[in-house]
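Before any comments, here is the structure.
Lettering follows sequence order; numbering is per chain, from 1. Side chains are part of it too, since the values below use all heavy atoms of this structure and drop only hydrogens, waters and symmetry mates.
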Amino acid sequence: MTFLHLKISKSFPLLFFNRARSFSSEPPLNKPLTEKAFFKSNTKDGLISRLCIDGRFKEAIDILCEQQRLTKAVQLLTHINRPSASIYSTLIQHCLQQRALDQGKLVHAHTRLSGFEPGLFLCNRFIDLYAKCGSLLDAQEVFDEMAERDLCSWNTMISGYTKVGKLGEARKLFDEMPERDNFSWTAMISGYVHHEMPKEALELFRMMQTHDNSKSNKFTVSSVLAASAALQSLRMGKEIHGYIMRTGLDSDEVVWSALSDMYGKCGSIDEARRIFDKMVNRDVVTWTAMIGRYFEDGKKEEGLALFSELMNSGIRPNEFTFAGVLNACAGHAAENLGKQVHAYMTRIGFDPVSFAASALVHMYSKCGNTANANKVFKGMPCPDLVSWTSLIVGYAQNGQPDEALQLFESLLKSGTRPDHVTFVGVLSACAHAGFVDKGLEYFHSIKEKHGLTYTADHYACAVDLLARAGRFEEAENIINEMPMQPDKFLWASVIGGCRIHGNVKLAKRAAEALFELEPENPATYVTLANIYATAGMWSEVTNVRKKMDERGIIKTPGLSWIEIKREMHVFLVGDKSHPRYNEIDHYLCELSKRMREEGYVPDTNFVLHDVEEEQKEQNLSYHSEKLAVVFGIVSTPSGTPIKVFKNLRTCVDCHNAIKYISKISNRRIIVRDSNRFHCFEDGKCSCLDYW
DNA sequence: CTAGGGTTAG
């Protein structure tokens with residue numbers, strides 16, 4: 001190991017890199033710079049050379065680390081006669097900060113080559129480095145070879161395993177360790193919380209309180225508060241709240257923040273706000289959580305008010321905040337608001353590789369603006385899987401199945417690996433487009449080509465494809481052969497297909513399964529009744545209706561809304577409360593006449609009630625989507641596209657009627673129902689009557 | 001040296 005005793009000469013820089021090159025046959029070093037590039041790269045390099053010539057390597061390494069030039073700092077190691085523990089420690093510290101696994105391994109190799117005994121402290125740092133980089137095998141090796149271990153060694157291993165989701169391994173160590181402190185407990189508890197195992201987290205918390213002398217601290221209680229929030233267990237949350245007050249752990253802002261969020265997630269949003277208001281130093285995390293709770297609770301106004309308060313507070317919203325607000329915009333199809341947020345983000349700057357960026361793609365997709373979604377997507381240097389999937393789904397729901405599938409093919413070409421959600425998007429694109437066989441091909445490729453395991457959703461999608469096409473026998477084969485119980489999504493697809501093709505027998509089986517799985521969902525009753533009505537089986541319709549009454553199930557009222565001049569106008573079925581109702585009614589009558597002349601025949605089968613023909617027709621013309629569409633037409637200049645949103649699936653008659661309306665009024669009419677977008681133009685719909 | 005609260009795709 002001659003390099004360790006190398007004498008530094010005046011021609012140091014050149015020599016330095018030559019040595020580095022020759023050493024690279026051992027552990028791989030990064031490519032050395034040429035001498036010229038070295039001098040060009042940084043003005044402090046002269047100083048570093050000087051320090052090295054004087055043998056002051058520690059200082060040189062410090063400077064290099066500060067400049068984040070780890071590779072060179074590690075290379076310098078080869079010139080030091082006996083590196084001190086503090087030099088190794090500095091280097092590892094920086095490797096840790098930069099998550100530089102390769103450089104860390106080099107430093108580790110150096111300690112071995114130079115015969116340096118790392119000691120407890122340094123070994124723990126190596127474990128931490130390997131664990132943080134997800135290289136648990138290396139971490140375990142260091143851990144196993146250690147002559148003595150302290151609590152920190154164990155705790156670092158445990159948190160390393162929990163970080164990569166190996167809760168079982170972590171728990172094994174946790175159970176094996178000779179003694180535990182609150183780090184051990186908290187690492188294990190928070191590991192459970194982060195991997196959606198809140199029950200286990202709370203169980204461990206109980207154990208901690210009864211079986212061990214370790215005291216929980218602010219870290220522990222924040223974690224268990226998150227666990228109660230995940231379980232929506234207000235009882236548990238309140239209990240912990242009491243514990244926090246008793247033990248004086250309430251002096252920490254993070255604990256307060258977690259407490260507020262727990263109340264919000266458990267449905268006590270006012271209590272959450274009370275705690276939020278009491279806090280003195282609210283950081284952006286606290287704000288984000290509170291804003292998010294309002295949106296989640298459907299309290300858009302409060303959420304927005306708080307968001308603008310945040311913008312004026314001097315605290316900079318971050319990607320989490322934006323993602324939350326944008327997600328709310330997506331859910332409410334509030335594209336204008338989303339655009340404003342987008343503009344604000346652009347003004348203050350945002351990371352194009354972040355949750356916020358993918359939330360933008362999601363928002364535009366959900367609002368039916370695939371052009372903008374695509375624009376944002378194209379602006380991302382390296383789109384993540386969520387953005388890919390959002391856009392694919394966006395195309396699928398917007399009647400652009402070819403674009404959806406094309407995008408999926410580019411995804412494959414880009415080297416990004418699709419996951420199970422991506423395939424749900426791809427399969428639903430095929431279903432929306434009626435590409436049955438192509439969809440089945442993709443379905444088979446999930447396992448065969450991509451090596452993924454089928455989820456219940458994939459089976460539901462495959463069945464959806466077949467049922468929509470009326471290929472019930474194949475659908476039933478899949479149901480009978482799938483390795484898990486069919487879930488409600490699958491049966492809902494089946495009954496949907498039965499509705500299109502009038503398959504009463506299978507509809508009955510699906511409905512029975514659905515009554516078991518989600519007896520309170522009114523959609524099942526309504527669809528079943530409609531299927532019976534179509535078949536003219538009126539006594540069965542009455543039975544279903546009776547069953548609904550007995551079980552106290554109320555049909556979800558159809559609700560449509562339209563944004564005109566930044567104002568939302570909401571319409572219910574048969575809603576006469578709008579201030580401009582007369583105008584709407586008048587135009588609707590006029591339209592009806594024109595529509596009939598064009599050949600429109602009201603389809604009255606899809607009405608739940610068994611009533612006289614004439615009255616049925618009357619019911620239909622006042623469905624909320626028609627009211628909203630007509631209101632859109634009478635309140636905008638001719639030629640303006642109309643964009644309406646509905647909370648339920650659009651009914652067959654409305655779908656048909658709006659086709660005629662688009663032709664007569666010469667408008668582009670976009671209806672986003674609970675399932676997808678319908679883009680009506682000149683008497684045709686983008687869904688090709690397939691939804 | 002090891003540990004905490006907020007956020008996305010069907």
Looking for any heavy atom pair under 4.0 Å, which part of the strands does [X] touch: base, sugar-phosphate only, or nothing?
{"X": "Ser358(A)", "value": "base"}
{"X": "Asp128(A)", "value": "sugar-phosphate"}
{"X": "Val393(A)", "value": "sugar-phosphate"}

What is the distance from [atom1] of [X] to [atom2] of [N], rounded to the nearest Å?
{"X": "Gln97(A)", "N": "dC1(B)", "atom1": "CD", "atom2": "P", "result": "12 Å"}
{"X": "Asn155(A)", "N": "dT2(B)", "atom1": "CG", "atom2": "P", "result": "11 Å"}
{"X": "Met279(A)", "N": "dG6(B)", "atom1": "CE", "atom2": "P", "result": "13 Å"}
{"X": "Asp252(A)", "N": "dG6(B)", "atom1": "CG", "atom2": "P", "result": "14 Å"}
{"X": "Tyr263(A)", "N": "dG5(B)", "atom1": "OH", "atom2": "C1'", "result": "15 Å"}
{"X": "Phe408(A)", "N": "dA9(B)", "atom1": "CZ", "atom2": "P", "result": "19 Å"}
{"X": "Trp287(A)", "N": "dG6(B)", "atom1": "CH2", "atom2": "P", "result": "18 Å"}
{"X": "Phe295(A)", "N": "dT8(B)", "atom1": "CZ", "atom2": "P", "result": "12 Å"}

**Prompt:** Can you find a side-chain donor-acceptor pair between Ser153(A) and Asn124(A) that sits under 3.5 Å?
**Reply:** yes

**Item:** Mutual orientation of the aromatic rings belonging to Tyr442(A) and Phe408(A) [parallel < 30°, tilted 30-60°, perpendicular > 60°]
**Value:** perpendicular

**Asked** Mind checking whether Tyr454(A) and His458(A) have parallel, tilted or perpendicular rings, split at 30° and 60°?
**Response** perpendicular

**Short side-chain to backbone donor-acceptor contact, Arg293(A) and Ala272(A), under 3.5 Å** = no

**Message:** Looking at Glu196(A), I'd like to know if its CD atom is crowded, meaning that more than 12 non-hydrogen atoms belonging to other residues, nucleotides or ligands lie closer than 6.0 Å.
**Reply:** no

**Message:** Would you say Lys163(A) places a side-chain N or O within less than 4.0 Å of OP1 or OP2 belonging to dA3(B)?
**Reply:** yes

**Prompt:** Donor-acceptor pair under 3.5 Å: do we get one between Ser222(A)'s side chain and the base of dG5(B)?
**Reply:** no

**Prompt:** Checking only heavy atoms, does the side chain of Thr286(A) share a donor-acceptor pair with the base of dG5(B) at less than 3.5 Å?
**Reply:** yes

**Request:** Verify the ring-centre separation between Phe645(A) and His332(A): is it less than 6.0 angstrom?
**Result:** no

**Request:** For DNA chain B, find the residues of residues 313-331 of chain A with a heavy-atom distance under 4.0 Å and give them by number; none if there aren't any.
**Result:** Asn318(A), Phe320(A), Asn327(A)

**Message:** Check for me: is Phe355(A) stacked on dT7(B) by the 5.5 Å centroid and 30° plane-angle rule?
**Reply:** no

